[in-house]
Amino acid sequence: WTPKKPVIAAVDGYALAGGFELALACDLIVANANAKFGVPEVKRGLVAGGGGVVQLPRLLPRPLAMELALTGDTIDAQRAYDLGLVNRVTQGPAIEAARELAQKIAENGPLAVIASKGIVRDSWLWAAEEVLPKQMPYIAHVFQSEDAREGAMAFAQKRKPEWKGK
């Protein structure tokens, strides 16, 4: 379970073990260039049981997830970005870049953001023939919302939309 609203991790420094698992539980990750990521539990005779060994193979090719889980080695922010684990790498504080990303998201229709997040989060379990019927409960109310009408009108009038979340 995750909240309906997007959750962004801002990582400065080390995100290891539970810290990395917490970041992986977020929807987006922004990291300072000096950040390091890893699940070093195996180096201590433990298992990354807080989600690391489950989330990594869902986010990375299996051999890469296996390497991180079995070696306990860390990767830097650039490597995490190259692998698709991190959305943005910044030279300054990660929180500033996370706020910029949050602002870009907040400029969009709130109902559409919630529905889109839900589909991205849940659809990896859906078979191809189930996609259309399974996504309907997420989107039907969005297309009939005041925000959908406002978005279309704002586009036609070449202005910024004024979202109501209705």
Side-chain angles (χ1 to χ4, degrees), residues 1-139 142:
W1 179 88
T2 63
K4 289 181 179 181
K5 293 182 180 180
V7 179
I8 304 171
V11 179
D12 288 304
Y14 288 85
L16 302 176
F20 188 28
E21 291 171 316
L22 184 59
L24 290 173
C26 294
D27 300 308
L28 306 159
I29 302 174
V30 176
N32 178 276
N34 296 319
K36 304 272 190 238
F37 299 89
V39 284
E41 285 86 343
V42 294
K43 292 180 183 261
R44 303 290 179 256
L46 301 170
V47 178
V53 293
V54 173
Q55 289 300 324
L56 285 172
R58 292 178 179 178
L59 300 170
L60 296 174
R62 187 175 177 271
L64 294 173
M66 193 69 77
E67 180 180 347
L68 289 173
L70 299 181
T71 66
D73 290 344
T74 63
I75 57 174
D76 64 21
Q78 187 59 51
R79 177 82 169 130
Y81 175 82
D82 292 343
L83 293 174
L85 292 173
V86 168
N87 298 85
R88 296 184 180 183
V89 177
T90 182
Q91 296 302 315
I95 192 70
E96 291 176 12
R99 284 184 179 129
E100 289 173 15
L101 183 55
Q103 181 59 42
K104 286 187 72 123
I105 293 167
E107 291 172 3
N108 297 314
L111 298 176
V113 168
I114 290 168
S116 296
K117 175 185 170 170
I119 293 168
V120 170
R121 179 193 60 226
D122 298 341
S123 64
W124 67 274
L125 295 170
W126 301 345
E129 64 274 6
E130 297 177 318
V131 169
L132 290 177
K134 288 236 182 196
Q135 77 175 0
M136 284 310 293
Y138 294 81
I139 66 173
V142 175

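- In this structure, the separation between NZ on Lys4 and CG on Leu111 is 9.5 Å, given to the nearest 0.5 Å.
- Counting only residues at least two apart or in different chains, ring pair (Phe, Tyr, Trp, His ring centres under 6.0 Å) contacts with residues 85-135 comprise Trp126-Tyr138.
- Pairing each heavy atom of Ala33 with each of Ala77, the nearest pair is O-CB, 3.9 Å.
- Contacts classified as ring pair (Phe, Tyr, Trp, His ring centres under 6.0 Å) and involving residues 25-80 (residues at least two apart or in different chains) are given here: Phe20-Phe37.
- Between the CG atom of Asn34 and the NZ atom of Lys36 there is a distance of 7.0 Å, given to the nearest 0.5 Å.
- For the atom pair CD of Gln135 and OG of Ser116, the computed distance is 9.5 Å after rounding to the nearest 0.5 Å.
- One finds the CD atom of Glu129 at 11.0 Å from the CG atom of Leu132 (value rounded to the nearest 0.5 Å).
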Less than 3.5 Å apart, which donor and acceptor atoms pair up between the side chains of residues 83-107 and the rest of the protein, not counting sequence neighbours?
{"residue": "Asn87", "atom": "OD1", "partner": "Ile29", "partner atom": "N", "Å": "2.8"}
{"residue": "Thr90", "atom": "OG1", "partner": "Gly92", "partner atom": "N", "Å": "3.3"}

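- For residues 13-31, the set of pairs meeting the salt bridge (Lys or Arg N to Asp or Glu O under 4.0 Å) definition, not counting sequence neighbours, comprises Asp27-Lys117.
- The ring pair (Phe, Tyr, Trp, His ring centres under 6.0 Å) contacts involving residues 76-117 comprise nothing, where partners must be two or more places apart or lie in separate chains.
- For Arg58, the CZ atom sits in a packed shell: over 12 heavy atoms of surrounding residues, nucleotides or ligands are nearer than 6.0 Å.
- The shortest distance between side-chain heavy atoms of Val39 and Val53 does not fall below 4.5 Å.
- Take Asp82 and apply the salt bridge (Lys or Arg N to Asp or Glu O under 4.0 Å) test, not counting sequence neighbours, and it matches no residue.
- Closest approach of Gly52 to Pro57, counting heavy atoms only: O-CD, 4.3 Å.
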